[in-house]
Amino acid sequence: MTVAFKQKVTATATAAISVTTAAMASATTVGNVCVACMSTRDATLHSDSMADNKSNTWVTQQTVVQTTANRPRASIITSTLTTAGTGHTFTGGTSGSATDFEVSVAEFSGVTSTKDSSGTGTAGNSTTTVSATAATATFTDNLLISVICDDGTLAAAGISTPASVDGSTTGVVSLLVNQNSTSFPAAEHSYKILSGAASHTASYTYTTDAGGLYSMVVAQLKGLTPASAGQNQFLYYQPKQMFPI
Amino acid sequence: MATNVLTLNGVSLPNGVTNIPQTAVPGGVTQATVTLARNTPGSPTIWPNAATTIVVALEVSYDNAVTWLPGGGFNSVGGQMLDASGTARPSTVAQFGYDTHPTHVRGTMTIANGPLLTNASVVMA
């Protein structure tokens with residue numbers, strides 16, 4: 001079963017305690033995976049969290065936090081839906097009270113909520129290009145997610161859209177892009193559906209933001225596990241039948 | 001084309017629920033933006049009390065106001081919110097994206113430990 005994008009919602013808020021997305025336009029499906037990308041910042045170090053109105057379990061796959069300046073944070077959080085349906089909303093929260101949030105939640109089929117590999121970008125002052133390389137994936141079908149969050153607002157060129165993966169933008173889809181905003185941190189959330197077990201590098205190019213900091217993460221989620229040989233034997237087992245000669 | 005659903009300047013929102021009126025929105029709308037003015041040194045009477053809280057909840061309809069779904073929301077508290085440079089944030093701004101174009105929007109603003117003096121707007125675009 002190949003990985004497939006189904007639908008998404010986005011929400012952003014500044015100086016807030018939490019933000020909740022609109023409901024997914026169509027009913028979500030049990031067994032599908034929702035991938036939440038969060039880019040956040042505030043002046044005091046806080047931790048971020050994700051929840052939904054159907055009480056599914058969420059697992060942080062990868063997160064990176066800057067501990068100075070406006071403390072930009074980037075996280076990839078996933079849930080394999082055990083409860084789904086219409087009116088499905090998602091809430092990004094924080095342990096603080098004055099956080100800037102950018103949240104995108106995308107529903108995928110054909111993928112698991114298990115991380116195959118991950119990586120983080122080099123934390124520090126922003127430069128013109130930043131990258132994060134995921135370790136070699138062990139599964140042939142993968143979903144690569146990347147998130148970048150800058151602690152400031154960026155000038156005209158902003159962040160490249162979409163990210164490049166292994167030097168190419170082909171097949172890379174932006175889930176959320178904030179550029180040139182005076183309110184929100186510059187950020188982008190992207191995904192690419194991949195095939196072939198390999199390591200992959202996601203990169204963003206953006207204009208220099210003097211003295212700024214960024215956080216960037218990348219994670220690869222495993223595609224649905226193929227049935228093992230033993231399972232195949234069981235699935236295709238048929239009792240021996242006796243035929244008259 | 002943007003549609004102003006709500007524009008309130010210098011309004012004192014009382015404790016309890018204030019409705020955001022049901023409003024038809026033009027075709028092609030993909031985003032709602034809610035803006036609330038915040039307390040700063042230059043606007044000391046705006047939302048000064050950290051105990052004063054607001055919960056904003058939008059609903060959207062995709063079938064001409066027959067059925068409604070959650071359209072996004074947030075909660076926040078009053079008082080000055082400073083960035084790392086010590087500058088007070090002038091506003092709380094929230095934006096909600098819609099993959100499908102809504103036909104209508106409505107909502108509520110729920111205040112506790114108020115009243116809450118602010119400038120508020122809701123824009124669909």
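Chain letters run A, B, ... following the sequence lines, proteins first and then strands; every chain starts at 1.
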Please classify the contact of V93(B) with chain A as side chain, backbone, both or neither, using a heavy-atom distance under 4.5 Å. both

Side chain, backbone, both or neither: which part of D100(A) has a heavy atom under 4.5 Å from chain B? side chain

For the atom pair OG1 (T12(A)) and CZ (F74(B)), what is the distance rounded to the nearest 0.5 Å? 10.0 Å

From CG (D99(B)) to CE (M24(A)), nearest 0.5 Å: 8.5 Å

Determine whether V77(B) and I17(A) make a side-chain contact, defined as any pair of heavy atoms from C-beta on separated by less than 4.5 Å. yes

Can you see which heavy atom on R89(B) is nearest to which on T14(A), and at what distance? NH2-CB, 3.7 Å

Within 6.0 Å of NZ in K6(A), more than 12 heavy atoms from elsewhere: no

S76(B) side chain to A15(A) main-chain N or O, any donor-acceptor pair under 3.5 Å? yes

Top contributor to chain A interface from G71(B), G79(B), G73(B) [non-hydrogen pairs under 4.5 Å]: G73(B)

Among residues 83-92 of chain A, which ones touch chain B with a heavy-atom distance under 4.5 Å? G87(A), T89(A)

Under a 4.5 Å heavy-atom cut-off, does chain A meet the side chain of S91(B), its backbone, both or neither? backbone

Please flag which part of F96(B) lies under 4.5 Å from any non-hydrogen atom of chain A: side chain, backbone, both or neither. both

